[in-house]
Number of protein chains: 2
Amino acid sequence: MRDEEIAAIRELALFASMDEKNFDELVQGSYLQIFPPGLQLISEGDPADFLHIVIEGCVELVATANKRETTLFMIEPVKTFILAAVLKDDVYLMSARTAIRSRILLVPADAVRQVMAKDGEFALGMLHELANYYRVSVRTLKNQKLRTGVERLANYLITLDTLQGASGVCKLPHDKRTLASYLGMTPENLSRAFGTLAQYGVEVSGRKISLSNLEDLTVLAKPEKLIDG
Amino acid sequence: MRDEEIAAIRELALFASMDEKNFDELVQGSYLQIFPPGLQLISEGDPADFLHIVIEGCVELVATANKRETTLFMIEPVKTFILAAVLKDDVYLMSARTAIRSRILLVPADAVRQVMAKDGEFALGMLHELANYYRVSVRTLKNQKLRTGVERLANYLITLDTLQGASGVCKLPHDKRTLASYLGMTPENLSRAFGTLAQYGVEVSGRKISLSNLEDLTVLAKPEKLIDG
DNA sequence: CGTTTGGTTGATAGGAATCAACTTCAGTGG
DNA sequence: CCACTGAAGTTGATTCCTATCAACCAAACG
């Protein structure tokens, strides 16, 4: 790993206030690797051997059962994933694959656990990271249990537009199949949901979305701070 | 709080290995209280002022949106709840109410955060507790997104029977309205789901359930270690 | 070019919510 | 003791949401 990359990683909230020596110990055994899109990084059920950190790109966390598959989370830079499995020294509950070409830092799980035990600052950093993930997961669960598909899409679009500058024009970060899976619906239903939203000023052209009637859309979506953030 | 109660709390995995002085500091400002059934302990959106620990009884974590309500988790002794909100010094994402008469320990949030910062053992305890909750939340999400209502009920019953001794006879720990909300369906639909399961050997009499054909039920339910534990 | 991949549309069926009526049962009070 | 009450649970009819299967379209790519 290059010095400048190490320095960049050091800046992350997770590592910022930890001891220099402990940081070195973590980085020592780590690998920074580039993966092509669509590559399976982790399979659910496997033991957790590395803590993964997305430095660049995007990773999709998916789960399978009953011959069905669903996307649970999309992880964007700079964030860890499968932290809980590493921490509990247990198997992964989700599979992970790159959504696009991605640079990922792999930190050996036992190193993480060892450093965590002796570096309080690092443990606190982990605690905050994990608390964030827990809250995201709860929000996701509420989104899923309390809203219909159309409502989830509407809220997704409003949030997306806000994140991209609230200009009323935004661009989907993933293909629609992935989005459908993330929103808990089939691609066919996502397509119909976009159709339904047309009468609320949502125009779709490929991945480009324009929201020309945010008021009506918001009435339909009923966004909630405790779900959408 | 009585000495024997303090001693019992000290035994919890969360506190077991922490420093005596720090434990005292935590317990000092805490209250142990008994609440009647159905009492609202916490409202979603409120700032987190106390870490709650169920010593005895049962607490239901619910969330509301769109004039709908759903039960996200049931917390049984001895477990904490709303840990993440306390940790992040943020608002609660869920409301909490007692399902039955319950004894609950209330630990001031700022004390928790202070002790956490200086007691590495306690921080590690928290980290494990939180990691457990995260994984429960992910399992719940998978259960919700990958299964139908009848499948969720079937798996719930199989797990319940296992927990209660795998005798083929078990007893629902909550009323059916609560169970329906927890399983993400309406009471009417839960009733029908029980009806559907009759042909798989599920007999219902009030809260008493008997599973006379576990093989067929299991074929329908398709339990997964990575969802049902 | 044709072939693939991603996306859309239509028809149909299945899963789940809603509304309304009815039953059961526990608790209350006459 | 029994009738009343209210809550919990069930059942039926209907509507709505969602998945499935199939066909079709279109941009992307060798």
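So you know, we letter chains A, B, ... as the sequences are listed, proteins then strands, and number each from 1.
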Problem - Lys142(B): partners by salt bridge (Lys or Arg N to Asp or Glu O under 4.0 Å), with sequence neighbours left out - result: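 Here the qualifying residues are Glu44(A).
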Practice task
For the pair Asp161(A) (side chain) and Leu157(A) (backbone), establish whether a donor and an acceptor sit closer than 3.5 Å, ignoring hydrogens and angles.
Solution key: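 Side chain of Asp161(A) to backbone of Leu157(A), a donor-acceptor pair under 3.5 Å: no, none is there.
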Counting the atoms with a prime plus P, OP1 and OP2 as sugar-phosphate, which does [X] contact under 4.0 Å by heavy atoms, base, sugar-phosphate, or nothing?
X	answer
Arg68(B)	sugar-phosphate
Asn189(A)	base
Thr186(A)	base

Handout entry: Pairs flagged by side-chain hydrogen bond (donor to acceptor under 3.5 Å, both in side chains) wherever residues 190-215 of chain B is involved - sequence neighbours left out
Key =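 As it turns out, the side-chain hydrogen bond (donor to acceptor under 3.5 Å, both in side chains) pairs with a partner in residues 190-215 of chain B, which skip direct neighbours, are Asn213(B)-Asp216(B).
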Fill in the blank from the handout: The nucleotide from dG7(C), dA16(C), dC17(D) with an atom nearest the side chain of Thr148(B) is dA16(C)
Fill in the blank from the handout: Which of dA16(C), dT20(D), dG12(D) is nearest the side chain of Arg192(A)? It is dT20(D)
Exercise for the section: Look at the aromatic rings of Tyr156(A) and Tyr182(A) and report parallel, tilted or perpendicular, splitting at 30° and 60°. Expected result: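 Taking Tyr182(A) first and then Tyr156(A), their aromatic rings stand perpendicular (interplane angle over 60°).
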Fill in the blank from the handout: Leu172(B) atom CG is separated from dA8(D) atom P, nearest whole Å, by 15 Å
Problem - Separation of atom CG in Leu183(B) from atom C1' in dG15(C), rounded to whole Å - result: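 That distance rounds to 15 Å.
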Handout entry: Whichever of Arg147(A) and Glu188(B) has its nearest DNA chain D nucleotide further upstream toward 5'
Key =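 That would be Glu188(B).
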